[in-house]
Amino acid sequence: MELLTKTLVLCLVLGFINAAPMHPEAQAADVGAVPDRCAGIEFDAITPDEEGTTFFFKGGYLWKGFYGPAQRSNEVFKLLDDIHQIGQVDAAFRMHNTENQDVHDHIFFFQNDKVFSYYNHTLEDGYPKAIQEDFPEVPNHLDAAVECPKGECRADSVLFFKGQDVYVYDILTKTVKTKTWSHLPACSSVFRWLEHYYCFHGNNFTRFHPISGEVSGQYPKDARNYFMRCSGFGHGGDRKAPKCSDVKLDAITTDDAGKTYFFAGPIFMRLDTSRDGLHAFPITRNWKELRNGVDAVFSNNDKMYLIKGDQVYIYKTGAHYTLIEGYPKTLKEELSVEGHVDAAFLCPNQDKAYIIQGDRIREVSLTASPRVITQELTLPFTGIDASLCGQNGIQLFKGSQYYDYETSEVSMLSKPSPAARSITSEMMGCQD
């Protein structure tokens, strides 16, 4: 339960953000040559570090996080400028390579024909190197770079940008495929944040798909409205965390890749990105067919089942969620149940879905065709809003309270329930 509750910052419920500020007061501008990002500048590079703090670079200066004053880059990344005199950073990214912990979460900076590797803000021995020593076939004088983990790209990769060309570097095979995205503005920096990819150009940004480069939505947008605190800018006004007594989930699930999602009203928030921040997004951003929220969700075999009304939508979880052809289907056709669904879950490495309706929980075999209800249990209460089954057991959510069953044995749900626990500010960042 610890993994779940620590990050239940259900700013979700009101769209509260615990990462990039939405609307705020500007920092006092420094004088002289110190750049002011609220003046509308073009960043040279953007990257998070191993702790999830995001750094924005311009010339020999950087900003730590989404607000705060500029400071010299070499005050944070020692030797970045004072010995090697690299000056402006051309590109930077945080490596994602869980197969090789020697480089995973290290930051790579690029300048002209050289690459610098940092960990814990310290330059590693043997650096700088020629770019091609670490990244064969990648050109010099880059404009931008960004990591792209498997599941978002087809393999753990780095995208290097130079003009309109994109060099897709496969981390495992050390091979490069070149694409030309003439429809995308020339990026001076690229930032991956909460599974989304942003090309920064001038003082604007454009969100794009990391595989196709496709741009969806109304872009460009002014970065000052989203990625920094500047007087007179912002896209959502001042928001406060909800009261803990007001928290209410509609659904929760963890997919086979370990991504955990919360759903509430028209928005969702991903749990396991807490290192880099938490942010609510419209459900339609990932699941465009679901325009009116969801009632219940569960995941199985690289697919996510989303239930709304009497319809079941099944999406492939791959690189991005794709609705399977022929869906949605009715609840009766897909799961052999009828009526409103309050919650649903599936335990790890199992092939049975559990559908909660009122005080009933129905076990549905997903291997049978057509689907078959193989067991029915009675719960000791009604009004369940959401449910999740994981390695630590089953959790049932009801308003601002939850029941923590420290077992994945479903039959225990028909027994007297454990005492309800109230959501607290420590668990969720809400207001007690």
Side-chain angles (χ1 to χ4, degrees), residues 1-5 7-8 10 12 248-264 268-272 283 287 290 293-308 311-315 317 331 334-337 339-368 371-399 401-415 417-418 420-421 423:
M1 189 63 196
E2 180 181 358
L3 172 65
L4 171 65
T5 56
T7 48
L8 262 178
L10 288 186
L12 240 184
K248 183 179 182 299
L249 280 175
D250 289 336
I252 179 173
T253 190
T254 300
D255 69 16
D256 292 338
K259 301 175 184 179
T260 299
Y261 296 93
F262 301 94
F263 298 82
F268 78 93
M269 187 168 69
R270 185 173 160 187
L271 157 69
D272 56 299
I283 291 173
W287 303 276
L290 287 156
V294 299
D295 296 328
V297 181
F298 66 90
S299 300
N300 178 55
N301 195 24
D302 294 322
K303 294 186 286 290
M304 186 178 288
Y305 293 65
L306 296 100
I307 300 170
K308 179 62 180 178
Q311 301 289 300
V312 180
Y313 299 74
I314 303 181
Y315 289 81
T317 57
L331 269 169
E334 182 62 33
L335 296 173
S336 294
V337 298
H340 177 74
V341 174
D342 295 317
F345 66 87
L346 185 143
C347 293
N349 304 314
Q350 301 295 318
D351 56 14
K352 293 180 173 62
Y354 294 91
I355 310 300
I356 299 175
Q357 298 175 291
D359 66 348
R360 302 286 177 173
I361 179 167
R362 294 176 169 89
E363 179 185 88
V364 179
S365 172
L366 298 181
T367 58
R371 303 290 188 244
V372 176
I373 297 176
T374 52
Q375 185 179 191
E376 186 170 318
L377 300 172
T378 300
L379 294 170
F381 43 68
T382 61
I384 296 302
D385 296 318
S387 57
L388 180 69
C389 182
Q391 298 297 332
N392 295 324
I394 300 169
Q395 294 84 40
L396 302 181
F397 295 87
K398 182 177 181 178
Q401 296 183 316
Y402 65 97
Y403 300 88
D404 187 9
Y405 295 83
E406 297 178 355
T407 176
S408 57
E409 180 55 55
V410 177
S411 63
M412 295 301 295
L413 300 183
S414 64
K415 308 295 183 183
S417 65
R421 301 180 183 180
I423 301 295

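Rounded to the nearest 0.5 angstrom, M304 CE and D256 CG are separated by 9.5 Å. With rounding to the nearest 0.5 Å, the separation of CG in D255 from CG in D302 is 8.0 Å. Within the model, atoms CD1 of I252 and CG of D385 stand 12.0 Å from one another, a figure rounded to the nearest 0.5 Å. If you take CG on L249 and CZ on F262, they are separated by 6.5 Å, rounding to the nearest 0.5 Å. Atom SG of residue C347 and atom CG of residue N300 lie 11.5 Å apart, to the nearest 0.5 angstrom. Here the straight-line distance linking atom OG1 of T382 with atom CG of D359 works out to 7.0 Å at 0.5 Å rounding.
Below 30°, between 30° and 60°, or above 60°: for Y402 and F397 the angle between ring planes is between 30° and 60°, a tilted geometry. The aromatic rings of W287 and Y315 lie perpendicular to each other, with more than 60° between the two planes, well past the 30° mark.
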Given the rule in the side-chain contact (heavy atoms from CB on, under 4.5 Å) test, do L379 and I356 qualify, once you have shown the distances and angles that lead to the verdict? CA-CA 9 Å; L379 294 170; I356 299 175; 3.8 Å; yes
Determine, stepwise, if the pair R421 / D404 fulfils side-chain contact (heavy atoms from CB on, under 4.5 Å). CA-CA 8 Å; R421 301 180 183 180; D404 187 9; 3.8 Å; yes
How far apart are the C-alpha atoms of T374 and K352, what are their side-chain angles, what is the distance that settles it, and do they pass the side-chain contact (heavy atoms from CB on, under 4.5 Å) test? CA-CA 9 Å; T374 52; K352 293 180 173 62; 4.1 Å; yes
Applying ring pair (Phe, Tyr, Trp, His ring centres under 6.0 Å), run through F381 and Y403 and close with a yes or a no. CA-CA 11 Å; F381 43 68; Y403 300 88; 4.5 Å; yes
Show your working on side-chain contact (heavy atoms from CB on, under 4.5 Å) between E363 and E376 and close with a plain yes or no. CA-CA 6 Å; E363 179 185 88; E376 186 170 318; over 6 Å; no
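Counting heavy atoms of neighbouring residues, nucleotides and ligands inside a 6.0 Å radius, atom CD of Q375 exceeds 12 of them.
Of the candidates L388, L306, L366, T254, F298 forms a side chain to side chain contact (heavy atoms under 4.5 Å, CB included) with just one, namely L366.
In this structure, L396 and L413 have side chains that are in contact, with non-hydrogen atoms separated by less than 4.5 Å. Using a 4.5 Å cut-off on side-chain heavy atoms (C-beta onward), R362 and Q357 make contact. Side-chain contact between I355 and I361 is absent, with no heavy-atom pair separated by less than 4.5 Å. You'll find the side chain of V410 reaches within 4.5 Å of the side chain of I394, heavy atoms only. The shortest distance between side-chain heavy atoms of Q391 and P348 falls below 4.5 Å.
Between the side chains of T378 and S414, no donor-acceptor pair of N or O atoms lies under 3.5 Å. No donor-acceptor contact under 3.5 angstrom links the side chains of E409 and T407, judged on distance only.
Across every non-hydrogen atom of S365 and R371, the tightest pair is O-CD, 3.3 Å. Residues I307 and V312 come closest through the heavy atom pair CG1-CG2, 4.3 Å. Nearest heavy-atom pair across G358 and D342 is N-OD2, 2.7 Å. In this structure, T253 and S299 approach most closely via the heavy-atom pair OG1-OG, 3.0 Å. A pairwise comparison of heavy atoms in V297 and A251 identifies CG2-CB, 3.7 Å as the closest pair. Across I384 and A343, no two heavy atoms sit closer than the pair CG2-CB, 4.0 Å.
For D295, the salt bridge (Lys or Arg N to Asp or Glu O under 4.0 Å) partners are K308, not counting sequence neighbours. When the ring pair (Phe, Tyr, Trp, His ring centres under 6.0 Å) test is applied to Y313, no partner is found at least two apart in sequence or on another chain.
Taking the six-membered ring for Trp and the full ring otherwise, Y354 and F345 have centroids separated by under 6.0 Å.
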